[in-house]
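This report refers to the structure that appears directly beneath it.
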Amino acid sequence: MSDISGEERLYIDGELRPAKSGAVFETLNPATEEVLGVAADGGAEDMDEAIAAARRAFDETTWSTDVEVRVRGLRQLHEAFLRHSDEIRSMTVAEVGSPVSMTTHAQLDSPVAGIAWVADLAERYEWEQDLGVAEPLGIASHRWIRKEAGGVVGAISPWNVPHQINLAKVGPALAAGATVVLKPAPDTPWCASILGRLVAEETDIPAGVFNVVTSSDHRLGAMLSKDPRVDQISFTGSTSTGRKVMGDSAATLKKVFLELGGKSAFVILDDADMAAATAMAAFTICTHAGQGCAITTRLVVPRARFDEAVDGAAAVMSMLPAADPTDPGTICGPLISAVQRDRVESYLALAEAEGGRFVLGGGRPKDLERGFFIEPTLIVGLDNSSRVAQEEIFGPVLVVIPHDGDDDAVRIANDSTFGLSGSVYSGDRDRAVAVANRIRTGTIGVNGGLWFSPDVPFGGYKQSGIGREMGVAGFEEYLETKSIAESA
Ligand code: NAD
(Lines give C-alpha, C1' and ligand atoms only; values in the text may rest on other atoms or scores of the structure.)
Protein backbone atom coordinates (compact mmCIF):
# COMPACT_ATOMS: atom_id res chain seq x y z
CA MET A 1 0.00 0.00 0.00
CA SER A 2 1.18 3.50 -0.81
CA ASP A 3 2.10 6.10 1.81
CA ILE A 4 0.18 8.69 -0.23
CA SER A 5 -3.25 9.45 1.15
CA GLY A 6 -6.23 11.41 -0.12
CA GLU A 7 -9.59 12.69 1.06
CA GLU A 8 -12.10 9.83 0.86
CA ARG A 9 -15.27 11.80 1.59
CA LEU A 10 -17.79 13.78 -0.42
CA TYR A 11 -18.38 17.40 0.53
CA ILE A 12 -22.07 18.27 0.54
CA ASP A 13 -23.87 21.13 2.27
CA GLY A 14 -20.89 21.93 4.49
CA GLU A 15 -20.34 18.35 5.57
CA LEU A 16 -17.52 15.94 4.71
CA ARG A 17 -19.24 12.59 4.59
CA PRO A 18 -19.25 9.17 2.93
CA ALA A 19 -21.67 8.27 0.13
CA LYS A 20 -25.21 7.52 1.36
CA SER A 21 -24.77 3.95 0.16
CA GLY A 22 -21.40 3.64 1.92
CA ALA A 23 -19.85 2.63 -1.42
CA VAL A 24 -16.27 3.49 -2.34
CA PHE A 25 -14.15 3.05 -5.47
CA GLU A 26 -10.40 2.70 -5.96
CA THR A 27 -8.03 5.29 -7.26
CA LEU A 28 -4.84 4.00 -8.92
CA ASN A 29 -1.30 5.17 -9.49
CA PRO A 30 -0.96 4.94 -13.29
CA ALA A 31 2.84 4.74 -13.08
CA THR A 32 2.84 1.66 -10.83
CA GLU A 33 -0.73 0.29 -11.24
CA GLU A 34 -0.90 0.10 -7.43
CA VAL A 35 -4.11 1.03 -5.62
CA LEU A 36 -3.54 4.31 -3.82
CA GLY A 37 -6.73 4.13 -1.79
CA VAL A 38 -10.44 4.81 -2.18
CA ALA A 39 -12.88 7.65 -2.70
CA ALA A 40 -16.56 7.87 -1.83
CA ASP A 41 -18.67 6.49 -4.67
CA GLY A 42 -21.40 9.10 -4.74
CA GLY A 43 -24.79 8.07 -6.09
CA ALA A 44 -27.95 9.77 -7.32
CA GLU A 45 -29.11 10.55 -3.76
CA ASP A 46 -25.84 12.29 -2.96
CA MET A 47 -25.93 14.31 -6.17
CA ASP A 48 -29.52 15.30 -5.47
CA GLU A 49 -28.54 16.61 -2.03
CA ALA A 50 -25.56 18.48 -3.43
CA ILE A 51 -27.71 20.22 -6.04
CA ALA A 52 -30.34 21.08 -3.42
CA ALA A 53 -27.63 22.52 -1.15
CA ALA A 54 -26.14 24.64 -3.93
CA ARG A 55 -29.60 25.89 -4.92
CA ARG A 56 -30.42 26.80 -1.33
CA ALA A 57 -27.09 28.56 -0.78
CA PHE A 58 -27.65 30.60 -3.91
CA ASP A 59 -31.29 31.49 -3.28
CA GLU A 60 -31.35 31.90 0.49
CA THR A 61 -27.99 33.34 1.54
CA THR A 62 -26.12 36.56 0.75
CA TRP A 63 -23.27 34.69 -0.96
CA SER A 64 -24.17 35.94 -4.45
CA THR A 65 -24.25 39.59 -3.35
CA ASP A 66 -21.44 39.73 -0.78
CA VAL A 67 -18.20 40.21 -2.72
CA GLU A 68 -16.16 40.74 0.44
CA VAL A 69 -17.06 37.33 1.86
CA ARG A 70 -16.26 35.70 -1.45
CA VAL A 71 -12.88 37.38 -1.83
CA ARG A 72 -11.97 36.42 1.73
CA GLY A 73 -13.06 32.81 1.19
CA LEU A 74 -11.03 32.50 -2.01
CA ARG A 75 -7.94 34.00 -0.39
CA GLN A 76 -8.30 31.52 2.47
CA LEU A 77 -8.55 28.71 -0.07
CA HIS A 78 -5.44 29.95 -1.85
CA GLU A 79 -3.50 30.03 1.41
CA ALA A 80 -4.77 26.57 2.34
CA PHE A 81 -3.44 25.16 -0.95
CA LEU A 82 -0.06 26.79 -0.30
CA ARG A 83 0.05 25.39 3.26
CA HIS A 84 -0.55 21.86 1.97
CA SER A 85 1.30 22.12 -1.32
CA ASP A 86 3.88 19.41 -0.55
CA GLU A 87 1.31 16.71 0.21
CA ILE A 88 -0.97 17.84 -2.66
CA ARG A 89 1.99 17.75 -5.06
CA SER A 90 2.87 14.16 -4.10
CA MET A 91 -0.76 13.09 -4.25
CA THR A 92 -1.15 14.68 -7.70
CA VAL A 93 1.93 12.96 -9.12
CA ALA A 94 0.68 9.65 -7.72
CA GLU A 95 -2.96 9.92 -8.81
CA VAL A 96 -2.57 11.69 -12.18
CA GLY A 97 0.80 10.19 -13.15
CA SER A 98 1.85 13.74 -13.89
CA PRO A 99 5.60 14.36 -14.06
CA VAL A 100 6.51 16.22 -10.86
CA SER A 101 8.18 18.88 -13.06
CA MET A 102 4.74 19.83 -14.39
CA THR A 103 3.36 20.53 -10.92
CA THR A 104 5.30 23.77 -10.77
CA HIS A 105 3.04 25.11 -13.52
CA ALA A 106 -0.12 23.70 -15.16
CA GLN A 107 -0.57 20.70 -12.85
CA LEU A 108 -0.67 22.65 -9.59
CA ASP A 109 1.11 25.94 -8.91
CA SER A 110 -0.37 27.92 -11.80
CA PRO A 111 -4.02 27.00 -11.09
CA VAL A 112 -3.45 27.69 -7.39
CA ALA A 113 -2.08 31.13 -8.30
CA GLY A 114 -5.23 31.52 -10.40
CA ILE A 115 -7.38 31.46 -7.23
CA ALA A 116 -5.54 34.51 -5.88
CA TRP A 117 -5.75 36.18 -9.30
CA VAL A 118 -9.51 35.77 -9.56
CA ALA A 119 -10.06 36.94 -5.95
CA ASP A 120 -8.18 40.15 -6.84
CA LEU A 121 -10.27 40.49 -10.01
CA ALA A 122 -13.55 40.17 -8.09
CA GLU A 123 -12.35 42.80 -5.64
CA ARG A 124 -11.61 45.39 -8.32
CA TYR A 125 -14.31 44.38 -10.82
CA GLU A 126 -16.78 47.01 -11.99
CA TRP A 127 -20.00 45.29 -10.83
CA GLU A 128 -22.13 48.23 -11.94
CA GLN A 129 -21.65 50.45 -14.93
CA ASP A 130 -23.47 53.78 -15.31
CA LEU A 131 -24.81 54.45 -18.82
CA GLY A 132 -26.14 57.93 -17.98
CA VAL A 133 -29.47 59.47 -18.99
CA ALA A 134 -31.21 59.00 -22.35
CA GLU A 135 -34.76 59.67 -23.54
CA PRO A 136 -36.15 56.60 -25.32
CA LEU A 137 -39.78 57.37 -26.39
CA GLY A 138 -39.27 60.79 -24.81
CA ILE A 139 -39.04 59.34 -21.28
CA ALA A 140 -35.93 60.63 -19.54
CA SER A 141 -34.30 57.55 -18.03
CA HIS A 142 -31.19 56.95 -16.00
CA ARG A 143 -29.74 53.59 -17.05
CA TRP A 144 -27.14 51.30 -15.56
CA ILE A 145 -25.85 47.78 -15.97
CA ARG A 146 -25.44 45.43 -13.07
CA LYS A 147 -23.43 42.20 -13.23
CA GLU A 148 -24.95 39.36 -11.22
CA ALA A 149 -24.01 35.75 -10.59
CA GLY A 150 -25.63 33.28 -13.00
CA GLY A 151 -26.83 30.84 -10.30
CA VAL A 152 -25.98 27.21 -9.62
CA VAL A 153 -23.09 25.84 -11.67
CA GLY A 154 -22.56 22.15 -12.40
CA ALA A 155 -18.81 21.74 -12.97
CA ILE A 156 -17.77 18.53 -14.73
CA SER A 157 -14.07 17.83 -15.20
CA PRO A 158 -11.67 15.30 -16.80
CA TRP A 159 -8.53 13.69 -15.36
CA ASN A 160 -5.60 15.04 -17.33
CA VAL A 161 -4.88 18.35 -15.52
CA PRO A 162 -7.45 18.07 -12.73
CA HIS A 163 -6.37 20.98 -10.49
CA GLN A 164 -6.13 23.31 -13.48
CA ILE A 165 -9.57 22.38 -14.73
CA ASN A 166 -11.29 22.16 -11.32
CA LEU A 167 -9.84 25.45 -10.11
CA ALA A 168 -10.33 27.34 -13.40
CA LYS A 169 -14.04 26.53 -12.99
CA VAL A 170 -14.53 26.73 -9.25
CA GLY A 171 -12.42 29.87 -8.65
CA PRO A 172 -14.15 32.17 -11.16
CA ALA A 173 -17.60 30.70 -10.46
CA LEU A 174 -17.30 31.35 -6.71
CA ALA A 175 -15.71 34.76 -7.31
CA ALA A 176 -18.70 35.66 -9.49
CA GLY A 177 -21.14 34.68 -6.72
CA ALA A 178 -22.31 31.39 -8.17
CA THR A 179 -22.64 28.22 -6.11
CA VAL A 180 -21.06 25.03 -7.41
CA VAL A 181 -21.41 21.26 -7.54
CA LEU A 182 -18.14 19.72 -8.80
CA LYS A 183 -18.24 16.27 -10.40
CA PRO A 184 -14.67 15.14 -11.23
CA ALA A 185 -13.54 12.30 -13.48
CA PRO A 186 -13.56 8.85 -11.84
CA ASP A 187 -9.81 8.50 -12.54
CA THR A 188 -8.77 11.43 -10.32
CA PRO A 189 -11.22 11.75 -7.41
CA TRP A 190 -8.67 12.85 -4.80
CA CYS A 191 -7.63 15.91 -6.81
CA ALA A 192 -11.22 17.12 -6.35
CA SER A 193 -12.03 15.81 -2.87
CA ILE A 194 -9.02 17.69 -1.43
CA LEU A 195 -10.75 20.86 -2.57
CA GLY A 196 -13.81 19.89 -0.50
CA ARG A 197 -11.65 19.31 2.55
CA LEU A 198 -9.77 22.60 2.25
CA VAL A 199 -12.99 24.57 1.76
CA ALA A 200 -14.59 22.76 4.72
CA GLU A 201 -11.72 23.03 7.16
CA GLU A 202 -9.76 26.12 6.21
CA THR A 203 -12.18 28.67 4.77
CA ASP A 204 -15.28 30.59 5.84
CA ILE A 205 -17.05 29.69 2.58
CA PRO A 206 -20.60 28.92 3.82
CA ALA A 207 -22.26 25.50 3.71
CA GLY A 208 -23.81 24.60 0.36
CA VAL A 209 -21.83 27.15 -1.66
CA PHE A 210 -19.36 24.53 -2.83
CA ASN A 211 -19.97 20.79 -3.09
CA VAL A 212 -17.92 17.87 -4.43
CA VAL A 213 -19.46 14.58 -5.50
CA THR A 214 -16.88 11.97 -6.53
CA SER A 215 -18.28 8.93 -8.28
CA SER A 216 -17.33 6.00 -10.48
CA ASP A 217 -20.56 6.59 -12.40
CA HIS A 218 -20.49 8.99 -15.37
CA ARG A 219 -24.29 9.31 -15.13
CA LEU A 220 -23.90 11.67 -12.18
CA GLY A 221 -22.53 14.21 -14.62
CA ALA A 222 -25.63 13.81 -16.77
CA MET A 223 -27.78 14.41 -13.66
CA LEU A 224 -26.23 17.88 -13.44
CA SER A 225 -26.95 18.63 -17.11
CA LYS A 226 -30.58 17.54 -16.81
CA ASP A 227 -31.54 19.00 -13.42
CA PRO A 228 -33.73 22.14 -13.63
CA ARG A 229 -32.19 23.49 -10.38
CA VAL A 230 -28.83 23.86 -12.14
CA ASP A 231 -28.50 27.08 -14.17
CA GLN A 232 -25.22 26.50 -15.95
CA ILE A 233 -22.90 23.66 -16.89
CA SER A 234 -19.18 24.21 -17.03
CA PHE A 235 -17.82 21.14 -18.77
CA THR A 236 -14.34 20.06 -19.81
CA GLY A 237 -13.84 16.74 -21.53
CA SER A 238 -14.09 15.06 -24.88
CA THR A 239 -16.05 16.51 -27.77
CA SER A 240 -18.35 13.47 -27.86
CA THR A 241 -19.30 13.90 -24.17
CA GLY A 242 -19.61 17.65 -24.73
CA ARG A 243 -22.29 16.98 -27.34
CA LYS A 244 -24.25 14.87 -24.83
CA VAL A 245 -23.92 17.57 -22.16
CA MET A 246 -25.23 20.18 -24.57
CA GLY A 247 -28.10 17.90 -25.63
CA ASP A 248 -29.05 17.11 -22.03
CA SER A 249 -28.90 20.79 -21.09
CA ALA A 250 -31.21 21.80 -23.93
CA ALA A 251 -34.42 20.72 -22.17
CA THR A 252 -33.92 23.36 -19.48
CA LEU A 253 -32.03 25.78 -21.78
CA LYS A 254 -29.02 25.94 -19.50
CA LYS A 255 -26.09 28.07 -20.38
CA VAL A 256 -23.33 25.65 -21.40
CA PHE A 257 -19.68 26.34 -21.29
CA LEU A 258 -17.66 23.65 -23.07
CA GLU A 259 -13.90 23.06 -23.20
CA LEU A 260 -13.41 20.09 -25.52
CA GLY A 261 -10.84 18.24 -27.58
CA GLY A 262 -8.13 19.42 -29.93
CA LYS A 263 -5.82 18.35 -32.77
CA SER A 264 -3.63 21.41 -32.88
CA ALA A 265 -1.05 22.18 -35.55
CA PHE A 266 2.57 23.16 -34.94
CA VAL A 267 3.44 25.06 -38.13
CA ILE A 268 7.05 25.62 -39.14
CA LEU A 269 7.60 28.06 -42.03
CA ASP A 270 10.48 27.66 -44.48
CA ASP A 271 12.67 30.39 -42.93
CA ALA A 272 12.38 29.11 -39.33
CA ASP A 273 15.17 28.08 -36.99
CA MET A 274 14.45 24.38 -37.48
CA ALA A 275 16.42 23.13 -34.47
CA ALA A 276 14.61 25.47 -32.06
CA ALA A 277 11.19 24.80 -33.59
CA THR A 278 11.43 21.02 -33.67
CA ALA A 279 12.85 20.94 -30.13
CA MET A 280 9.78 22.81 -28.92
CA ALA A 281 7.41 20.57 -30.88
CA ALA A 282 9.12 17.46 -29.51
CA PHE A 283 9.07 18.72 -25.93
CA THR A 284 5.39 19.65 -26.21
CA ILE A 285 4.20 16.25 -27.46
CA CYS A 286 6.14 14.40 -24.75
CA THR A 287 4.79 16.60 -21.93
CA HIS A 288 2.52 14.53 -19.68
CA ALA A 289 2.57 11.83 -22.39
CA GLY A 290 0.61 14.08 -24.74
CA GLN A 291 -2.44 14.11 -22.44
CA GLY A 292 -3.28 17.75 -22.91
CA CYS A 293 -6.12 19.04 -25.02
CA ALA A 294 -4.00 22.00 -26.18
CA ILE A 295 -0.89 19.97 -27.03
CA THR A 296 0.20 20.33 -30.65
CA THR A 297 -0.13 16.88 -32.26
CA ARG A 298 0.35 17.69 -35.97
CA LEU A 299 3.79 18.93 -37.00
CA VAL A 300 3.31 20.81 -40.30
CA VAL A 301 6.70 21.42 -41.95
CA PRO A 302 8.04 22.75 -45.27
CA ARG A 303 8.27 19.90 -47.80
CA ALA A 304 11.81 20.96 -48.78
CA ARG A 305 12.95 20.69 -45.14
CA PHE A 306 10.90 17.60 -44.22
CA ASP A 307 13.82 15.28 -43.39
CA GLU A 308 15.54 17.97 -41.36
CA ALA A 309 12.35 18.50 -39.35
CA VAL A 310 11.84 14.78 -38.74
CA ASP A 311 15.45 14.31 -37.64
CA GLY A 312 15.24 17.33 -35.32
CA ALA A 313 12.00 16.18 -33.67
CA ALA A 314 13.19 12.57 -33.37
CA ALA A 315 16.48 13.59 -31.77
CA VAL A 316 14.75 15.54 -29.00
CA MET A 317 11.90 13.06 -28.48
CA SER A 318 14.43 10.26 -28.04
CA MET A 319 15.94 12.24 -25.17
CA LEU A 320 12.54 12.42 -23.42
CA PRO A 321 11.57 8.77 -22.89
CA ALA A 322 8.55 7.58 -20.95
CA ALA A 323 9.73 7.36 -17.35
CA ASP A 324 8.91 7.52 -13.65
CA PRO A 325 6.91 10.74 -13.04
CA THR A 326 8.43 11.22 -9.58
CA ASP A 327 11.86 11.76 -11.19
CA PRO A 328 12.34 15.54 -11.56
CA GLY A 329 13.92 14.98 -15.00
CA THR A 330 10.88 13.20 -16.45
CA ILE A 331 8.75 14.97 -19.03
CA CYS A 332 6.79 11.97 -20.40
CA GLY A 333 4.99 10.04 -17.65
CA PRO A 334 2.37 7.30 -17.99
CA LEU A 335 -1.08 7.46 -19.55
CA ILE A 336 -3.86 7.66 -17.00
CA SER A 337 -5.26 4.13 -17.33
CA ALA A 338 -5.21 0.81 -19.15
CA VAL A 339 -8.30 1.99 -21.04
CA GLN A 340 -6.48 5.07 -22.29
CA ARG A 341 -3.42 3.01 -23.23
CA ASP A 342 -5.66 0.63 -25.22
CA ARG A 343 -7.10 3.63 -27.00
CA VAL A 344 -3.68 5.02 -27.92
CA GLU A 345 -2.49 1.58 -29.04
CA SER A 346 -5.53 1.26 -31.28
CA TYR A 347 -4.45 4.52 -32.98
CA LEU A 348 -0.89 3.19 -33.38
CA ALA A 349 -2.29 0.13 -35.14
CA LEU A 350 -4.46 2.41 -37.27
CA ALA A 351 -1.44 4.53 -38.21
CA GLU A 352 0.28 1.46 -39.65
CA ALA A 353 -2.92 0.34 -41.36
CA GLU A 354 -3.26 3.78 -42.95
CA GLY A 355 0.29 3.52 -44.36
CA GLY A 356 2.17 5.47 -41.69
CA ARG A 357 5.71 4.66 -40.54
CA PHE A 358 7.12 5.00 -37.03
CA VAL A 359 10.36 6.99 -37.01
CA LEU A 360 10.43 6.58 -33.26
CA GLY A 361 8.37 4.62 -30.73
CA GLY A 362 5.15 2.91 -31.71
CA GLY A 363 4.45 0.84 -28.60
CA ARG A 364 5.11 0.21 -24.92
CA PRO A 365 8.61 0.94 -23.58
CA LYS A 366 10.63 -2.25 -23.12
CA ASP A 367 12.28 -1.11 -19.89
CA LEU A 368 9.09 -0.45 -17.88
CA GLU A 369 7.24 -3.53 -16.72
CA ARG A 370 4.47 -1.80 -14.83
CA GLY A 371 2.48 1.34 -15.46
CA PHE A 372 0.42 2.50 -18.43
CA PHE A 373 3.35 3.85 -20.46
CA ILE A 374 3.63 4.43 -24.22
CA GLU A 375 6.86 5.46 -25.95
CA PRO A 376 7.03 8.92 -27.52
CA THR A 377 6.05 8.15 -31.10
CA LEU A 378 6.82 10.04 -34.30
CA ILE A 379 4.86 9.11 -37.43
CA VAL A 380 5.54 10.00 -41.09
CA GLY A 381 3.90 8.92 -44.33
CA LEU A 382 0.37 10.05 -43.55
CA ASP A 383 -1.42 13.09 -44.90
CA ASN A 384 -3.75 15.40 -43.06
CA SER A 385 -6.86 13.51 -44.15
CA SER A 386 -5.81 10.33 -42.30
CA ARG A 387 -7.76 9.49 -39.14
CA VAL A 388 -4.54 9.64 -37.11
CA ALA A 389 -4.11 13.27 -38.24
CA GLN A 390 -7.76 14.16 -37.70
CA GLU A 391 -8.79 12.46 -34.45
CA GLU A 392 -7.67 13.22 -30.93
CA ILE A 393 -5.37 10.46 -29.66
CA PHE A 394 -4.40 11.86 -26.25
CA GLY A 395 -1.01 10.17 -26.14
CA PRO A 396 2.63 11.07 -26.97
CA VAL A 397 2.01 10.68 -30.70
CA LEU A 398 3.17 13.29 -33.23
CA VAL A 399 2.33 13.11 -36.96
CA VAL A 400 4.59 15.01 -39.37
CA ILE A 401 2.84 16.47 -42.44
CA PRO A 402 4.56 18.38 -45.28
CA HIS A 403 3.28 21.75 -46.56
CA ASP A 404 3.99 23.73 -49.76
CA GLY A 405 4.17 27.28 -48.45
CA ASP A 406 2.34 29.56 -46.02
CA ASP A 407 -1.11 29.30 -47.65
CA ASP A 408 -0.89 25.53 -47.70
CA ALA A 409 0.29 25.45 -44.08
CA VAL A 410 -2.70 27.55 -43.04
CA ARG A 411 -5.03 25.33 -45.07
CA ILE A 412 -3.68 22.18 -43.35
CA ALA A 413 -3.80 23.74 -39.88
CA ASN A 414 -7.44 24.73 -40.46
CA ASP A 415 -8.38 21.40 -42.02
CA SER A 416 -9.64 20.03 -38.70
CA THR A 417 -12.95 19.88 -36.88
CA PHE A 418 -11.08 21.27 -33.85
CA GLY A 419 -9.63 24.72 -33.15
CA LEU A 420 -8.12 24.77 -29.69
CA SER A 421 -4.47 25.75 -29.92
CA GLY A 422 -1.42 25.90 -32.16
CA SER A 423 2.06 27.20 -32.74
CA VAL A 424 3.88 29.00 -35.57
CA TYR A 425 7.63 29.40 -36.12
CA SER A 426 9.27 31.72 -38.65
CA GLY A 427 12.50 33.73 -38.90
CA ASP A 428 10.27 36.69 -39.68
CA ARG A 429 8.10 37.70 -36.74
CA ASP A 430 5.48 39.53 -38.85
CA ARG A 431 5.13 36.58 -41.18
CA ALA A 432 4.59 34.25 -38.20
CA VAL A 433 1.97 36.55 -36.70
CA ALA A 434 0.18 36.82 -40.06
CA VAL A 435 -0.04 33.04 -40.27
CA ALA A 436 -1.14 32.80 -36.60
CA ASN A 437 -3.93 35.28 -37.34
CA ARG A 438 -5.24 33.08 -40.15
CA ILE A 439 -5.45 29.89 -38.08
CA ARG A 440 -8.92 29.42 -36.59
CA THR A 441 -7.99 28.54 -33.05
CA GLY A 442 -8.55 29.85 -29.54
CA THR A 443 -4.89 30.10 -28.48
CA ILE A 444 -1.65 30.13 -30.46
CA GLY A 445 2.06 30.56 -29.69
CA VAL A 446 4.41 32.50 -31.97
CA ASN A 447 8.11 31.54 -32.05
CA GLY A 448 7.85 29.76 -28.72
CA GLY A 449 5.67 32.25 -26.83
CA LEU A 450 3.52 30.65 -24.11
CA TRP A 451 -0.03 31.87 -23.55
CA PHE A 452 -0.87 29.70 -20.53
CA SER A 453 -1.49 31.96 -17.51
CA PRO A 454 -4.41 32.81 -15.16
CA ASP A 455 -5.01 36.15 -16.94
CA VAL A 456 -5.15 34.72 -20.47
CA PRO A 457 -8.49 33.40 -21.79
CA PHE A 458 -8.36 29.81 -23.02
CA GLY A 459 -10.91 27.98 -25.14
CA GLY A 460 -11.80 26.62 -28.50
CA TYR A 461 -13.12 27.53 -31.93
CA LYS A 462 -15.24 25.06 -33.88
CA GLN A 463 -15.79 21.70 -32.14
CA SER A 464 -13.18 22.47 -29.48
CA GLY A 465 -15.76 24.27 -27.41
CA ILE A 466 -17.95 27.21 -26.53
CA GLY A 467 -16.83 30.02 -24.25
CA ARG A 468 -13.58 30.83 -22.49
CA GLU A 469 -11.92 29.76 -19.26
CA MET A 470 -9.47 31.97 -17.29
CA GLY A 471 -8.85 35.66 -17.76
CA VAL A 472 -11.60 38.26 -17.40
CA ALA A 473 -13.58 36.42 -20.11
CA GLY A 474 -13.47 33.23 -18.02
CA PHE A 475 -14.79 35.06 -14.96
CA GLU A 476 -17.57 36.74 -16.94
CA GLU A 477 -18.81 33.33 -18.17
CA TYR A 478 -20.38 32.98 -14.71
CA LEU A 479 -22.15 36.36 -14.75
CA GLU A 480 -25.49 37.57 -16.02
CA THR A 481 -26.02 41.14 -17.20
CA LYS A 482 -28.99 43.05 -15.82
CA SER A 483 -29.93 46.39 -17.41
CA ILE A 484 -31.85 48.77 -15.13
CA ALA A 485 -33.51 52.09 -15.93
CA GLU A 486 -35.22 54.56 -13.54
CA SER A 487 -37.13 57.60 -14.63
CA ALA A 488 -34.85 60.60 -14.36
P1 NAD B 1 -14.76 12.54 -20.89
O2 NAD B 1 -15.51 13.37 -21.84
O3 NAD B 1 -14.83 11.07 -21.01
O4 NAD B 1 -15.20 12.85 -19.40
C5 NAD B 1 -15.13 14.14 -18.85
C6 NAD B 1 -16.05 14.25 -17.65
O7 NAD B 1 -17.40 14.10 -18.09
C8 NAD B 1 -15.84 13.17 -16.58
O9 NAD B 1 -16.03 13.78 -15.31
C10 NAD B 1 -16.97 12.19 -16.86
O11 NAD B 1 -17.38 11.45 -15.72
C12 NAD B 1 -18.08 13.12 -17.29
N13 NAD B 1 -19.12 12.52 -18.12
C14 NAD B 1 -19.06 11.40 -18.87
N15 NAD B 1 -20.23 11.21 -19.53
C16 NAD B 1 -21.03 12.25 -19.19
C17 NAD B 1 -22.35 12.63 -19.56
N18 NAD B 1 -23.07 11.92 -20.42
N19 NAD B 1 -22.85 13.77 -19.04
C20 NAD B 1 -22.12 14.53 -18.19
N21 NAD B 1 -20.88 14.20 -17.80
C22 NAD B 1 -20.33 13.08 -18.30
O23 NAD B 1 -13.25 13.04 -21.00
P24 NAD B 1 -11.97 12.46 -20.27
O25 NAD B 1 -11.61 11.18 -20.91
O26 NAD B 1 -12.17 12.49 -18.79
O27 NAD B 1 -10.88 13.59 -20.64
C28 NAD B 1 -10.20 13.62 -21.85
C29 NAD B 1 -10.86 14.58 -22.82
O30 NAD B 1 -10.97 15.87 -22.23
C31 NAD B 1 -10.06 14.79 -24.08
O32 NAD B 1 -10.93 14.74 -25.19
C33 NAD B 1 -9.49 16.18 -23.92
O34 NAD B 1 -9.21 16.85 -25.12
C35 NAD B 1 -10.54 16.86 -23.15
N36 NAD B 1 -9.98 18.02 -22.45
C37 NAD B 1 -10.29 19.28 -22.88
C38 NAD B 1 -9.75 20.37 -22.27
C39 NAD B 1 -10.07 21.75 -22.74
O40 NAD B 1 -9.93 22.66 -21.94
N41 NAD B 1 -10.48 21.96 -23.97
C42 NAD B 1 -8.92 20.21 -21.17
C43 NAD B 1 -8.62 18.93 -20.75
C44 NAD B 1 -9.18 17.84 -21.39
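Atoms within a ligand are numbered from 1 in the order they appear, just like the ligands themselves.
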Item to check | Step-by-step side-chain hydrogen bond (donor to acceptor under 3.5 Å, both in side chains) determination, S416 to K263 | outcome: CA-CA 7 Å; S416 168; K263 192 77 192 182; over 6 Å; no

Show every donor-acceptor pair shorter than 3.5 Å between a side-chain atom in residues 174-184 and any protein atom, with sequence neighbours excluded, or say none if there are none.
{"unit_1": "T179", "atom_1": "OG1", "unit_2": "A54", "atom_2": "O", "d": "2.8"}

Could you go through residues 155-165 and list every donor-acceptor pair under 3.5 Å that involves a side-chain atom there, pairing it with any protein atom two or more places apart or in another chain?
{"unit_1": "S157", "atom_1": "OG", "unit_2": "N166", "atom_2": "OD1", "d": "2.7"}
{"unit_1": "N160", "atom_1": "ND2", "unit_2": "Q291", "atom_2": "O", "d": "3.2"}
{"unit_1": "H163", "atom_1": "NE2", "unit_2": "T92", "atom_2": "OG1", "d": "2.8"}

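Closer than 4.0 angstrom to ligand 1 lie heavy atoms from I156, S157, P158, W159, N160, I165, K183, P184, A185, P186, H218, G221, A222, F235, T236, G237, S238, T241, K244, V245, E259, L260, G261, C293, E392, F394, L420, F458.
In this view, T27 and E95 satisfy the side chain to side chain donor-acceptor pair (under 3.5 Å) rule, not counting sequence neighbours.
No hydrogens or angles considered: a donor-acceptor pair under 3.5 Å links the side chains of S421 and T443.
In this structure, T239 contributes its side chain and Q463 its backbone to a donor-acceptor pair below 3.5 Å.
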